[in-house]
Amino acid sequence: MSEHELSISEQEELRREKLQQLRDLGVNPYPYEFDVTHHSAEIKANPDNYITEDHSVSPKVAVAGRVMTRRIMGKAAFFNLQDAEGTIQVYIRRDDVGEENYNTVFKKLVDLGDIVGIKGFVFRTQTGEVTIHAEYFELLNKTLKPIPVAKEIEENGVKKVFDAFADKELRYRMRYVDLIVNPQVRETFRKRTKLVQVMREHMNELGFLEVETPILQPIYGGASARPFVTHHNALDMKLYMRIANELYLKRLIVGGFDGVYEFSKDFRNEGMSRFHNPEFTQVELYVAYKDYNWMMEFTEKMVEKVAIALHGSTKVQVGEHEINFQTPWPRIPMFEAIEKETGHNLYGKSLDELKTIAHELKIHVDDTMGIGKIIDEIFGEYVEHKLIQPVFITDYPIEMSPLAKKHRSKEGLVERFEGICNGKEICNAFSELNDPIDQRERLEEQASLRDMGDDEAMAVDEDFLRALEYGMPPTAGLGIGIDRLTMIMTNSESIRDVLFFPHMRPE
RNA sequence: GAAUCGGUAGCUCAGUCGGUAGAGCAACGGCCUUUUAAGCCGUGGGUCGAGGGUUCGAGUCCCUCCCGAUUCACCA
């Protein structure tokens, strides 16, 4: 059952004993508040605002956080205190904070990881480190588990880390510990939040409306994927966790909004990998009276803005590559991109011709694969991973895109683009199909694929078709994978590194 | 779902040919009032992922299972 019924380690046992000793001394190990006046980062950024020759007139600072390392030298000690902003060194002496408080509480009963509050003045040590000289010390939380402290040393400017808390499984399962001991993890998630904020501000500035749409849907749609299924007891009906919110947002465009967007947690019941989590986040945006050309300009502008906000530059280091998000990004029609890499122009080719070419290119094909699928396979195998710098691949085969509008001039294609960088799709967009009769035909085509066993094909959503019959203006739509964009913007190799709590099997 | 690699102290790891379970840090007992992985002396700490098998003897060899990472397949 609960943790403490299992055997606990010697160190945990000891901490429980210390807890009792604190209580016996009349020290509340879990007090109610502490008036924090400063954070480590602001003091270290502007130490001269705090340091004066005469310490008796120095400004007082009150800082709280975890004890991360300790160097005790008899009647005085240094420790590093970590707050939300970083760490700062504290100097504490018996003669300043009281004998019992120092000798017993601080030296004997406080452990690494405990949360403490200190008040004092700022000074520089003999070696020049900005340090708080504590005149007051209070325990704010007695921790019962030892934290895995890492130690760092700088040798010839190179940082070496000892005993880092590095086991990925433990880091993902106990993200709270990961966040305590691995400061760069906090930085990654701050960037993720910043990324979302920049996008939201950008869309708000253009007057688009942030909305919420159902997560529990009676018919799932808007993408090709298998859903999670759940059940509504009172109505005794099947409900699906959304795989996308596209069809609901388009209903809102029908309803008269000129631009709507939603940061949407979506759920897909498929395999997990370093690029896939069962639940993930997309932002979808729909803008009336615009087409996919407009949307390309919008997208590159917004992503460029994100890069600058996070890195102060349009250039972002991702693995081996420096990726430059500076606008404009090249636009390359899909068939041109394939021809450049394979020498084959696939446009207008029949299914049999495509199968022959696929065979030449050593792409596995089977009878269930149509024109769109084969082209997609060739693109994925020969082109996509080579696209490192941001690029828009445009004009996809109609078979792959049942919700996109037919191309205005190219037969058999739709007005669709994907933004690709670092060899991966980061967004998907099109001129939205608003011809209700065409849309019905395409969904019925999907439905017949479903009947033939393709459980990722879309269903016919009659209410959505009814909405289109009431009329949707020309509309451009966009979806951006927030997790994947965050991976690129934070140089993370796994989606788990940009999700606080990635899905894991039960312990 | 498949393949490969991994799981040993709180953390990071070593463990030879099958022969008493190891190190550093952390912890504990001492000394030390400006240290920088603080230092010095001393001490304790293990269901070796789980279960079974082979063997006089298994962390080590064999089998099954669990968990994770990576790659592949599907997808965003």
Side-chain angles (χ1 to χ4, degrees), chain A residues 6-15 17-18 68-80 87 89-96 102 107-108 111-113 123-129 131 133 143-155 159-173 177 181-182 222-226 243-244 264 266-284 364 373 376-377 380 418-420 424-428 454-456 479-485 487 493-496 502 504-507:
Chain A
L6 302 170
S7 66
I8 63 175
S9 72
E10 182 193 36
Q11 289 191 43
E12 291 172 84
E13 197 68 65
L14 207 60
R15 286 182 182 223
E17 283 166 20
K18 287 176 178 179
M68 297 304 281
T69 65
R70 261 199 318 184
R71 296 173 288 285
I72 294 175
M73 298 162 300
K75 298 175 189 69
F78 289 92
F79 65 92
N80 287 353
T87 63
Q89 179 168 266
V90 178
Y91 179 57
I92 182 170
R93 300 193 305 192
R94 184 195 67 185
D95 296 344
D96 295 320
Y102 179 80
K107 274 173 73 177
K108 303 261 189 205
D111 290 297
L112 297 190
F123 75 110
R124 277 198 178 84
T125 63
Q126 286 173 358
T127 53
E129 179 159 351
T131 301
H133 187 131
T143 61
L144 296 182
K145 286 189 176 293
I147 59 162
V149 272
K151 291 201 168 190
E152 266 182 18
I153 184 174
E154 258 190 51
E155 254 174 25
K159 261 194 183 173
K160 282 171 90 176
V161 181
F162 293 79
D163 298 344
F165 181 60
D167 185 306
K168 285 187 179 178
E169 176 174 2
L170 293 177
R171 287 184 48 219
Y172 298 145
R173 287 194 193 279
V177 177
V181 301
N182 292 322
S224 299
R226 288 201 300 270
I243 59 173
S264 166
D266 293 339
F267 307 85
R268 297 191 185 173
N269 206 341
E270 287 162 351
M272 290 159 58
S273 78
R274 104 193 146 86
F275 295 102
H276 300 87
N277 196 65
E279 52 183 287
F280 66 103
T281 305
Q282 287 195 97
V283 61
E284 289 198 37
H364 172 77
K373 182 74 181 164
D376 192 37
E377 287 289 320
E418 291 192 355
I420 296 175
K424 281 274 167 187
E425 175 191 341
I426 56 170
C427 67
N428 181 21
D454 183 350
D455 54 1
E456 291 189 351
I480 299 180
I482 296 297
D483 312 285
R484 293 213 178 150
L485 187 60
M487 286 170 67
E493 286 185 353
S494 170
I495 196 169
R496 297 185 186 94
M504 304 285 279
R505 283 175 212 266
E507 287 180 63

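Note on naming: letters A, B, ... go to the chains in the order of the sequence lines (proteins, then strands), and numbering restarts at 1 for each one.
Atom CD1 in A:Ile147 sits roughly 13 Å away from atom C1' in B:C25 (whole-Å rounding). Separating the CE atom of A:Met272 from the P atom of B:C72 is a distance of 17 Å, rounded to the nearest angstrom. We find that CG of A:Asn80 is positioned 8 Å from P of B:A38, with the value rounded to whole Å. Taking atom NZ of A:Lys75 as the reference point, atom C1' of B:C31 lies 9 Å away to the nearest angstrom. Residue A:Asp167 contributes atom CG, which lies 14 Å from atom P of B:G10 at whole-angstrom precision. When the C1' atom of B:U8 is taken as reference, atom CG of A:Leu170 falls 14 Å away, rounded to whole Å. Atom CE of A:Met68 and atom C1' of B:A38 are 18 Å apart (whole Å). One can place NE2 of A:His133 at 10 Å from C1' of B:U34, the figure rounded to the nearest angstrom.
A:Thr127 contributes no side-chain N or O that forms a donor-acceptor pair with the base of B:U35 under 3.5 Å.
Nucleic acid contact class of A:Glu279 (heavy atoms, under 4.0 Å, all strands): none. Across all strands, A:Tyr172 comes closer than 4.0 Å only to sugar-phosphate atoms, never to a base (heavy-atom distances). Within the nucleic acid shown, A:Ala166 comes within 4.0 Å of sugar-phosphate atoms alone, with no base atom in reach, counting heavy atoms only. Residue A:Gln282 is out of contact with every strand shown, counting any heavy-atom pair closer than 4.0 Å. Residue A:Lys107 is out of contact with every strand shown, counting any heavy-atom pair closer than 4.0 Å. Within the 4.0 angstrom heavy-atom criterion, base atoms lie near A:Asn277.
The side chain of A:Tyr91 has B:U34 as its nearest neighbour among B:U34, B:G30, B:U36. The nucleotide whose nearest atom lies closest to any side-chain atom of A:Arg70 is, among B:U33, B:A27, B:A69, B:A27. Out of B:C67, B:G45, B:U34, the shortest distance to the side chain of A:Glu10 is found at B:G45. Comparing B:U33, B:U36, B:A69 by their closest approach to the side chain of A:Arg496 singles out B:A69. Closest to the A:Asp111 side chain, of the nucleotides B:U71, B:C28, B:A69, is B:C28. Between B:C11, B:U34, B:A69, one nucleotide has an atom nearer to the side chain of A:Pro148 than all others, and that is B:C11. Residue A:Gln11 places its side chain closer to B:A26 than to any other of B:U36, B:A38, B:A26. Side-chain proximity of A:Arg505 to B:G44, B:C28, B:G68: nearest is B:G68. For A:Arg173, the listed nucleotide lying nearest its side chain is B:G68; candidates were B:G68, B:G10, B:C74. When the nucleotides B:U33, B:U70, B:U35 are ranked by their closest atom to the side chain of A:Arg274, B:U70 comes out on top.
Spacing of C1' atoms, B:C72 relative to B:U16, comes out at 36 Å, to the nearest Å. Using atom C1' as the reference point in both B:C48 and B:A23, the two lie 16 Å apart (nearest Å). B:C40 and B:A14: their C1' atoms are spaced 26 Å apart (whole Å). Going from the C1' atom of B:U8 to that of B:A50 covers 15 Å, rounded to whole Å. When the P atom is used for both B:U4 and B:C62, the distance is 13 Å, rounded to whole Å. For the P atoms, the distance from B:A9 to B:G59 is 14 Å, rounded to whole Å. Distance noted for atom P between B:G42 and B:G46: 22 Å (whole Å). Nucleotides B:C74 and B:G57 are separated by 49 Å at their C1' atoms, to the nearest Å.
Within the 4.5 Å cutoff, the side chain of A:Ile147 has no heavy atoms near those of the A:Val177 side chain. You'll find the side chain of A:Lys168 stays beyond 4.5 Å of the side chain of A:Ser494, heavy atoms only.
Looking at which nucleotide of RNA chain B each of A:Ile426 and A:Glu493 is closest to, the 5′-most match is held by A:Glu493. Residue-to-nucleotide proximity on RNA chain B shows that, of A:Arg15 and A:Gln89, the 5′-proximal contact is made by A:Arg15.
Between A:Arg71 and the phosphate of B:A38, there is a side-chain N or O to OP1/OP2 separation shorter than 4.0 Å. Put simply, A:Lys108 has a side-chain N or O that comes within less than 4.0 Å of OP1 or OP2 on B:G30. Under 4.0 angstrom from either OP1 or OP2 of B:C28 there lies at least one side-chain N or O belonging to A:Lys18.
Of the possible donor and acceptor atoms, one in the side chain of A:Arg274 sits under 3.5 Å from a partner among the backbone N and O of A:Glu493. A distance-only check finds a donor-acceptor pair linking the side chain of A:Thr131 to the backbone of A:Glu129 [under 3.5 Å]. Between the side chain of A:Arg93 and the main chain of A:Lys75, no donor-acceptor pair closer than 3.5 Å is present. Between the side chain of A:Asp167 and the main chain of A:Leu170, a donor-acceptor pair closer than 3.5 Å is present. Under the 3.5 Å distance criterion, the side-chain polar atoms of A:Glu270 are left unmatched by any main-chain donor or acceptor of A:Pro278.
Base-pair partner of B:G46: not found among the strands shown (Watson-Crick or G-U wobble, both distances under 3.5 Å). Base-pair partner of B:C13: B:G22 (Watson-Crick or G-U wobble, both distances under 3.5 Å). A 3.5 Å limit on both hydrogen-bonding distances identifies no Watson-Crick or G-U partner for B:C32. For B:C5, the paired nucleotide is B:G68, the pair qualifying as Watson-Crick or G-U wobble because both relevant distances are below 3.5 Å.
To the nearest 0.5 angstrom, A:Arg70 atom CZ is 12.0 Å from A:Asn80 atom CG.
Shortest non-hydrogen contact noted between A:Ile243 and A:Phe267 is CG2-O, 3.2 Å.
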